[in-house]
Amino acid sequence: MHVLVIGAYGSAGVAAAEVLADGDAEVTLVDDGDPGGGLCILRGCMPSKEVLSAAQHGYQARSDPRLDADVDVDLDRVVAHKDDHTAEFARHRRDAVHDLAERENVTFHHESARFVDDGVVAVGDERYEPDYVIVATGSTPRTPDLPGIDDVEPMDSADVLDATELPASGVVLGFGAVGLELVPYLAEAGGMDLTVIEHDARPLDRTAPAVGDGVVECYREEFGVDVLTNAEERRVAATEDGGVRVTVERDGETETIEADRLFCFTGRVPSTDGLGFEATGIEPTEGWVDPGTLRARDDLRVFAAGDVVGERELLHTAKEEGEVAARNVLADWRGEALETYDPITHRVVFTAAGVYPYVTVGMTPGEAEDAGHDVLTASREASDDGVFRTKDAARGRAELVVDATDGTVLGYHGWHYEADVMAKTLQVLVETGMDVRDVPDRSFHPTTPEIIDGLVRTVSRELR
């Protein structure tokens with residue numbers, strides 16, 4: 001059996017390649033990345049955490065009342081530091097792919113690939129007719145379809161990560177995960193005057209309203225960001241001095257906002273341009289891939305994994321999808337049933353420059369009720385946690401969701417200091433279906449256990 005993987009340097013592609021190589025398939029790996037290393041390493045979560053850490057240190061030094069600090073973030077050094085690290089990480093990724101290609105059953109082409117017919121792929125000057133193709137080409141930033149958008153030059157997340165100079169002011173469209181992470185960076189590291197357009201009453205609609213409201217309050221008070229809630233951008237225009245004017249509708253009123261630059265953090269779209277799908281029966285529109293089996297709906301010989309699927313744009317799910325797609329290729333070749341990928345929700349957003357991260361694991365109370373559970377919840381304010389208060393980090397809130405019948409941990413949703421370091425343990429609790437009464441006391445993190453352990457004890461008492 002011969003399998004061709006397009007996008008082999010990415011997280012999903014390399015995960016698929018490793019499973020296929022171990023499965024004794026003949027594998028052709030293709031990637032035209034220059035230098036190559038995958039979206040997550042070069043333009044995603046890794047470089048963003050690099051720059052966020054600088055804003056985090058600056059904010060904490062500036063805001064701690066016990067310190068008398070005058071901190072300036074040096075953007076040249078921030079970007080150079082980020083570039084050094086991402087270059088190293090990307091080199092490791094390329095080396096892993098090239099090491100795979102040393103195997104007798106694996107070859108690698110540093111070329112572009114495109115379909116030229118159903119089941120036929122051109123790689124450089126060569127044509128292949130593999131038994132299966134796995135597409136793992138990632139995603140690209142989405143530019144909103146707004147009147148006047150072609151007349152301005154918005155900055156996206158990749159532009160921000162590389163910026164060594166930032167304007168004095170900006171208007172931000174998009175207040176999802178990327179916006180929530182990069183807005184404090186722009187405010188803290190760039191010293192920018194920012195206005196954010198938030199379509200709803202608050203961000204983070206998966207969790208309790210108090211969390212979204214707390215984030216908005218934090219951004220306004222701690223970072224000086226003007227967050228316009230229940231607002232809709234209607235059009236943009238360039239100003240005579242080279243800036244941007246955004247027309248916004250809010251509470252039935254229309255207003256205009258002027259700034260030096262427009263920032264678009266408005267999501268991503270699957271990278272399918274240039275793959276030649278027009279020469280095949282595949283139409284890469286929304287839902288073109290079954291998100292469970294990761295098989296293309298229009299061609300059963302094609303599988304996809306990672307952001308190109310258009311469902312779950314996360315690093316850890318990209319890796320898991322790559323492995324599932326590869327296992328399903330092997331299963332299909334053997335005439336076996338395909339497995340279905342149905343991951344438990346697990347997401348960390350490094351809100352407030354990473355000082356107060358947001359983590360959501362498993363089901364919300366509403367989702368649990370819809371799934372037929374008798375739900376018991378407990379919530380706790382971060383200000384009630386003595387460790388957080390001693391560290392001058394008392395913003396936030398957490399909620400634990402369990403099954404009231406058997407104590408199974410169904411979900412955790414928290415916005416608080418060091419939520420990110422607890423996320424993996426929480427994921428394990430949800431995935432294993434552990435009874436909350438069996439969770440060892442003070443089992444999460446040696447220095448910040450109270451917020452979660454307090455919830456565990458509260459729920460356990462009610463269940464008993």
Side-chain angles (χ1 to χ4, degrees), residues 56 59-60 63-66 175 180-181 184 198 200-223 225 227 229 345-368 375-402 404 407 409-427 429-430 436-437 439 441-463:
Q56 177 180 6
Y59 164 74
Q60 289 178 302
S63 63
D64 193 323
R66 299 166 296 185
F175 207 35
L180 285 165
E181 292 191 350
E198 163 58 36
D200 299 319
R202 59 189 66 83
L204 300 173
D205 54 8
R206 260 186 67 78
T207 192
V211 170
D213 291 339
V215 170
V216 171
E217 178 185 85
C218 174
Y219 281 39
R220 288 170 173 164
E221 295 180 356
E222 303 291 342
F223 297 97
V225 177
V227 182
T229 56
T345 300
H346 169 212
R347 184 163 198 154
V348 177
V349 181
F350 289 84
T351 45
V355 178
Y356 301 108
Y358 167 72
V359 59
T360 178
V361 180
M363 291 186 253
T364 65
E367 291 167 347
V375 176
L376 177 63
T377 65
S379 60
R380 183 181 175 104
E381 300 297 322
S383 57
D384 293 331
D385 191 310
V387 175
F388 290 163
R389 288 177 15 226
T390 61
K391 293 187 175 185
D392 194 41
R395 285 186 181 267
R397 185 179 187 275
E399 181 178 60
L400 184 67
V401 185
V402 302
V409 179
L410 301 175
Y412 180 85
H413 314 282
W415 173 61
H416 55 78
Y417 187 65
E418 291 193 344
D420 56 315
V421 301
M422 306 176 196
K424 189 62 179 178
T425 301
L426 292 161
Q427 183 185 3
L429 291 183
V430 175
V436 70
R437 291 164 291 191
V439 176
D441 191 33
R442 305 183 74 81
S443 60
F444 291 91
H445 191 272
T447 58
T448 59
E450 292 185 33
I451 194 164
I452 300 179
D453 281 331
L455 293 174
V456 168
R457 288 192 293 271
T458 297
V459 172
S460 296
R461 282 195 300 268
E462 291 196 37
L463 289 169

As an exercise, state the distance from [atom1] of [X] to [atom2] of [Y], rounded to the nearest 0.5 Å.
X: H416; Y: E381; atom1: NE2; atom2: CD; result: 11.0 Å
X: L204; Y: R202; atom1: CG; atom2: CZ; result: 10.5 Å
X: R206; Y: E367; atom1: CZ; atom2: CD; result: 4.5 Å
X: S460; Y: L455; atom1: OG; atom2: CG; result: 10.5 Å
X: T458; Y: L463; atom1: OG1; atom2: CG; result: 11.0 Å
X: F388; Y: Y356; atom1: CZ; atom2: OH; result: 9.5 Å

Considering all heavy atoms, the nearest [X]-[Y] contact:
X: Y412; Y: L426; answer: CD2-CD1, 3.3 Å
X: A423; Y: V361; answer: O-CG2, 4.3 Å
X: G354; Y: Q56; answer: O-NE2, 3.9 Å
X: A368; Y: M363; answer: CA-SD, 3.6 Å
X: A419; Y: P357; answer: CB-O, 3.6 Å
X: E399; Y: R397; answer: CB-NH1, 4.4 Å

* To do: Determine whether the side chains of W415 and T207 contain a donor N or O and an acceptor N or O closer than 3.5 Å.
  => no
* Check step by step if side-chain contact (heavy atoms from CB on, under 4.5 Å) holds for D385 and Y417. => CA-CA 10 Å; D385 191 310; Y417 187 65; over 6 Å; no
* Between E462 and L376, does a side-chain contact (heavy atoms from CB on, under 4.5 Å) hold up when you go through it step by step? -> CA-CA 9 Å; E462 291 196 37; L376 177 63; 3.2 Å; yes
* To do: Going by the side chain to side chain contact (heavy atoms under 4.5 Å, CB included) test, name the single residue among L400, T377, T360 that passes it with H413.
  => T360
* Can any side-chain N or O of Y219 pair as donor or acceptor with the backbone N or O of L180 at less than 3.5 Å? -> yes
* Got a sec, which pairs hit salt bridge (charged side-chain N to carboxylate O under 4.0 Å, His left out) with one end in residues 349-365, sequence neighbours left out? -> none
* For R380, all residues meeting salt bridge (Lys or Arg N to Asp or Glu O under 4.0 Å), sequence neighbours excluded -> none
* Worked check of side-chain contact (heavy atoms from CB on, under 4.5 Å) between Y358 and V215 -> CA-CA 9 Å; Y358 167 72; V215 170; over 6 Å; no
